[in-house]
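What follows is a set of notes on a single structure, which appears directly below.
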Amino acid sequence: MSVISRGFHGRRGGDVRLPPGQYLERGFPVLSAGPTPRISTDTWQFTITTETGDTAARWNWQQLMALPQVDVATDIHCVTKWSKLNTHWRGVSLDTLLDGVQTNAGYVMAHSSGGYTTNLPLPDIRDGKAWVVYEYEGEPLRPEHGGPIRMLVPHLYFWKSAKWVNGLTLMLHDMHGFWEDLGYHDYGDPWREQRYQGD
Ligand SMILES: Nc1nc2c(c(=O)[nH]1)N[C@H]1C(S)=C(S)[C@@H](COP(=O)(O)O)O[C@H]1N2
Ligand SMILES: [Mo]
């Protein structure tokens with residue numbers, strides 16, 4: 001399966017795929033709140049924890065690779081105002097990982113090696129809207145960009161795409177992750193310019 005979002009280019013006045021306040025970036029900036037962890041796929045695990053603290057599901061690298069793999073082409077938007085159009089990724093849909101998980105939760109916290117967290121409404125990582133990805137433009141995802149694997153939630157600002165992701169915790173009530181606790185918006189829709197709390 002592949003998910004392709006096609007390009008629409010305005011005749012003048014810029015690109016209609018660029019959300020308000022964003023500029024086009026050709027490179028790929030690295031934005032990390034701390035040092036880059038070196039994570040071996042030999043020891044990597046991904047755990048889904050329910051709102052009651054139970055382990056709902058866990059995969060090692062080999063088990064993840066045995067799941068259906070998908071190619072994703074999408075635009076990404078960082079709150080620091082750069083956007084990249086038509087980036088290509090390969091990974092596993094969050095729908096696949098959440099399949100069969102019983103929960104009453106409305107929210108999730110994504111967790112990363114190194115302690116980074118970010119919160120999302122559960123519906124925002126379902127129905128083909130989010131992935132864990134380990135390839136970027138046909139190459140293994142580099143450590144500084146979250147390798148071996150990161151979240152990709154491209155319809156929200158890129159801080160919601162946790163690098164070095166190692167699990168999700170389902171939550172009945174919304175809680176702030178790392179940047180949200182420092183004043184960034186709870187939801188982070190680039191099309192509504194939800195950069196900071198109150199936007
Ligand atoms: N674990 C972790 N994930 C993270 C971050 C981080 O500091 N740690 N930074 C976030 C922010 S603010 C952005 S814009 C993107 C940057 O991803 P990149 O460095 O691949 O461009 O990762 C997000 N995910
Ligand atoms: Mo960011």
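Counting starts at 1 for both ligands and their atoms, following the listed order.
- Using a 4.0 Å cutoff on heavy atoms, S32 counts as a contact of ligand 1.
- Under 4.0 angstrom from ligand 1, the non-hydrogen atoms of W82 all belong to its side chain.
- Distances shorter than 4.0 angstrom occur between a heavy atom of W179 and an atom of ligand 1.
- For atom 9 (N) of ligand 1, the nearest protein heavy atom (residue, atom name, distance) is L31 O, 3.1 Å.
- Proximity of W164 to ligand 1, defined as any heavy-atom pair under 4.0 Å, is confined to the side chain (atoms from C-beta onward).
- Below 4.0 Å from some heavy atom of V30 lie the following atoms of ligand 1, by number and element: 19 (O).
- Residue contacts with ligand 1 leave out K160, since none of its heavy atoms falls under 4.0 Å from the ligand.
- With respect to the salt-bridge test (charged N to carboxylate O, under 4.0 angstrom), the residues E137 and R142 do not qualify.
- What sits closest to atom 3 (N) of ligand 1 on the protein, heavy atoms only, is K163 N, 2.9 Å.
- When only modelled atom types and interatomic distance are considered, T50 and T52 share a side-chain donor-acceptor pair under 3.5 Å.
- Atom 14 (S) of ligand 1 has as its closest protein heavy atom C78 SG, 3.2 Å.
- Using a 4.5 Å cut-off on side-chain heavy atoms (C-beta onward), E180 and W159 make contact.
- Among all protein heavy atoms, the one lying closest to atom 12 (S) of ligand 1 is W159 CB, 3.4 Å.
- Ligand 1 places these atoms under 4.0 Å from at least one heavy atom of A162: 3 (N), 24 (N).
- Heavy-atom proximity to S112, at under 4.0 Å, picks out these atoms of ligand 1: 1 (N).
- A donor atom on one side chain and an acceptor atom on the other are not found under 3.5 Å apart for N119 and H176.
- Heavy-atom contacts of A33 reach the following atoms of ligand 1: 6 (C), 7 (O) (cutoff under 4.0 Å).
- Ranking the protein heavy atoms by distance from atom 21 (O) of ligand 1 puts P29 O, 2.6 Å first.
- In this structure, the protein non-hydrogen atom closest to atom 13 (C) of ligand 1 is F158 O, 3.7 Å.
- The closest protein non-hydrogen atom to atom 24 (N) of ligand 1 is S161 O, 3.1 Å.
- Within the set Y116, F178, Y184, the minimum heavy-atom distance to atom 2 (C) of ligand 1 is found for Y116.
- Contact annotation for Y157 and ligand 1: no heavy atom of the residue comes within less than 4.0 Å of the ligand.
- Closest to atom 22 (O) of ligand 1 among all protein heavy atoms lies R150 NH2, 3.2 Å.
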Problem - Test log, rule ring pair (Phe, Tyr, Trp, His ring centres under 6.0 Å), inputs Y184 and Y157 - result: CA-CA 10 Å; Y184 284 83; Y157 281 125; 8.9 Å; no
